[in-house]
Amino acid sequence: MFALIDCNNFFVSCERVFRPDLENKPVIVLSNNDGCAIARSNEAKLLGIPMGAPLFEIRHLVKAYDIQVLSCNFELYGDMSRRVMNILQQECEKVEVYSVDEAFLEFNDSINWAEEGDRLRKHILQCTGIPTSIGFGPTKTLAKLANLESKVRGISCYIDHTKAYHDNLKAIPVAKIWGIGTRLNKSLKEHGVYTAYDLMTTDPAWARRKYNVIVERTLRELGGISCLSLSLIQESKKSIQITRSLSEPVQDLETLKQIIARYGFRLAHKLRASSQKTMTIWVYARNSRYRSEKPVFHQQTIVLAAPTNDTTSIITLAQQAVESFFDPTVAYHKLGIMAIDLRDANAPSAKELFVSVNQSRKPDIDKVMDSINQRFGLGTVRPLSCGQSVGWMNKRDHKTPAYTTNWKTLVEVKAK
DNA sequence: TCTGGGGTCCTAGGACCC
DNA sequence: TCTGGGGTCCTAGGACCC
């Protein structure tokens, strides 16, 4: 038996742990640059704020209902996520961390799911302050659906393919199923498939022919046949990227080079943190999707002679890429750098046999930089090419402190 | 005025091999 | 006029996820 446990309105819940005054109030957490609402409390959802709503479009609601607006604080969410997952790993033998706020669990079929679910939810709430929902089922896809029901009802739930649950399945729109996105939803509806029950009772061979193996699998999973197993070991990443929208458009080459240097700096740091090196770097820049008359997308792919996670090399290559495609008439609004074709840093490739002595000594600098930054915060020491903070930095006007990861911003409690 | 960031998997088609 | 059969690898693009 599978279970999906999921933190309720995760980012908002993290904020509420340290801001109890936000309980029972409508709260939203914004994306980078305070652009869109990426997390909403139940109260905010009830006010009709959709996921991803741009802040400027909902200003009137924020004002009218005194919605509490917060900038994103990923340091906090990442740390809270680790705490929740650690607890799960202590409590269950088989845990697959699926995302920042979700995990799949696997249990013996004979467990009392209601009891087990309530126990876990209580325990997590007590240890971290984060409320969760939990759904059980004979497959991952059904456990996901049961989790939806758990969210609505506030208790542990179970769903399977048998007759006893057909009414539940008939009440679930096909778009809510894991793996059915907007395109598939539209197409399925055109073929008369509206609910989870409809999809479950569709011919798998047709699904394979008409769509692909993923849809076929989803359909079989709905029918109680487990096609997706738990991945207990965290596979190493296949790509790592840093992309950001700029808070204001940039048309100046030197500024763009500084920005991409910062992204390259973070990318190299991430690569080292996951003990990986990259063989290929992809850099792109584009104008605004919303404002510009003509979409512009500039990009360059750089294939390296040998895999690297060296800050200086990555920054140099990224800046060369930006120089090569830079066009002074374009107002750049978003930049990104991506490392693809990753290798295990601890398993040197034959190509690395030929790097110069000079280059092979460089990682020491990165090591020192990483250890200082680990202690005092990323960016405390950084290459000169990253420049000083200027206008294009991320806008975060409503950010809460890093309560759990920075000594300077720990919460103070006064006892009388 | 103002619109997020970071991933994965699958498939079709082209290039190339013998 | 008529031009094999079988295979692998790579890439771009589409769709999905949170």
Side-chain angles (χ1 to χ4, degrees), chain A residues 4-11 28-40 49-60 62 69 71-74 77-78 81 96-104 140-141 144 147-148 174-188 207-218 227-228 231 234-249 263 266-267 270-271 274 276 279-280 282 284 286-292 297 299 301 303 331 333-342 394-398:
Chain A
L4 180 76
I5 187 155
D6 166 296
C7 303
N8 300 341
N9 314 327
F10 184 51
F11 298 167
I28 57 174
V29 173
L30 301 174
S31 63
N32 256 311
N33 293 319
D34 291 344
C36 312
I38 52 169
R40 305 151 296 152
I49 295 179
M51 180 66 172
L55 180 60
F56 73 90
E57 282 180 7
I58 53 170
R59 285 248 188 244
H60 60 289
V62 170
V69 178
S71 300
C72 52
N73 183 349
F74 288 112
Y77 313 149
S81 171
E96 174 189 339
V97 177
Y98 177 66
S99 74
V100 70
D101 69 334
E102 276 173 76
F104 282 104
K140 282 177 149 184
T141 305
K144 268 263 191 191
N147 181 275
L148 284 180
V174 80
K176 295 269 186 187
I177 299 167
W178 189 37
I180 307 298
T182 42
R183 300 293 177 103
L184 283 170
N185 180 40
K186 185 164 173 268
S187 170
L188 284 168
R208 177 71 172 254
R209 247 183 295 121
K210 168 84 184 150
Y211 303 104
N212 54 45
V213 64
I214 305 180
V215 180
E216 183 195 3
R217 232 160 24 202
T218 299
C227 306
L228 302 165
S231 14
Q234 195 96 39
E235 299 275 327
S236 49
K237 292 237 173 70
K238 292 173 181 165
S239 67
I240 295 179
Q241 56 179 307
I242 307 286
T243 52
R244 293 280 182 284
S245 299
L246 310 176
S247 52
E248 51 192 77
Y263 296 5
R266 296 190 79 102
L267 182 72
K270 272 192 171 184
L271 282 167
S274 63
Q276 286 176 299
M279 266 305 282
T280 307
W282 181 63
Y284 79 84
R286 69 164 203 226
N287 60 359
S288 170
R289 274 192 298 164
Y290 302 97
R291 269 179 290 178
S292 314
F297 191 91
Q299 55 168 325
T301 308
V303 179
H333 191 259
K334 186 168 185 175
L335 266 82
I337 180 169
M338 191 163 168
I340 38 187
D341 191 2
L342 304 184
N394 288 322
K395 196 175 114 191
R396 283 186 193 177
D397 291 342
H398 317 279

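Atoms considered below: every heavy atom in the structure, side chains included; atoms not considered: hydrogens, waters and symmetry mates. On a predicted model such as this, the values are computed, not experimentally measured, just so you know. Labels below follow one simple rule: chain letters A, B, ... track the order of the sequence lines, proteins then strands, and each chain is numbered from 1.
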Taking a pair as Watson-Crick or G-U wobble with both distances under 3.5 Å, which nucleotide is matched to dC18(B)?
-> dG5(C)
Report the residue (Arg208(A) or Ile240(A)) whose heavy-atom-nearest nucleotide on DNA chain B is the more 5′ of the two.
-> Ile240(A)
What is the nucleic acid contact for Lys186(A), judged by heavy atoms within less than 4.0 Å: base, sugar-phosphate only, or nothing?
-> nothing
Check every strand shown and say whether Ile180(A) touches a base, only sugar-phosphate, or nothing at a heavy-atom separation below 4.0 Å.
-> sugar-phosphate
Contact class for Ile214(A) (heavy atom, under 4.0 Å): base, sugar-phosphate, or nothing?
-> sugar-phosphate
Please check if the side chain of Arg40(A) supplies one atom and the backbone of Ile49(A) the other of a donor-acceptor pair under 3.5 Å.
-> yes
Does Pro249(A) or Lys270(A) map to a spot on DNA chain B nearer the 5' end, using the closest nucleotide for each?
-> Pro249(A)
Taking the side chain from Glu216(A) and the backbone from Ala207(A), do they hold a donor-acceptor pair closer than 3.5 Å?
-> no
Hey, which of Leu4(A), Ile5(A), Asn147(A) is the one that makes side-chain contact (heavy atoms from CB on, under 4.5 Å) with Glu102(A)?
-> Leu4(A)
Would you say the side-chain atoms of Gln276(A) pair up with the backbone N or O of Ser236(A), donor to acceptor, closer than 3.5 Å?
-> no
Hey, does Arg244(A) reach any base, or is it just sugar-phosphate, or nothing, if we go heavy atoms under 4.0 Å?
-> sugar-phosphate
Would you classify Val100(A) as touching base, sugar-phosphate or nothing, given that sugar-phosphate means primed atoms plus P, OP1 and OP2, and contacts are heavy atoms under 4.0 Å?
-> nothing
Output yes when a side-chain donor or acceptor of Thr218(A) lies under 3.5 Å from a complementary backbone atom of Ile214(A), and no otherwise.
-> yes
Report which part of the nucleic acid Tyr98(A) touches: base, sugar-phosphate, or nothing (heavy-atom distance under 4.0 Å, all strands).
-> sugar-phosphate
Around atom CZ of Arg266(A), are there more than 12 heavy atoms of other residues, nucleotides or ligands at under 6.0 Å?
-> no
Say whether, by atom type as modelled, one donor and one acceptor occur between the side chain of Asn212(A) and the main chain of Val215(A) under 3.5 angstrom.
-> yes
Using a heavy-atom cut-off of under 4.0 Å over every strand shown, decide if Ile177(A) touches base, sugar-phosphate, or nothing.
-> sugar-phosphate
What is the nucleic acid contact for Asp101(A), judged by heavy atoms within less than 4.0 Å: base, sugar-phosphate only, or nothing?
-> sugar-phosphate
Start and end of chain A contact along DNA chain C [non-hydrogen atoms, under 4.0 Å] | dA15(C) to dC18(C)
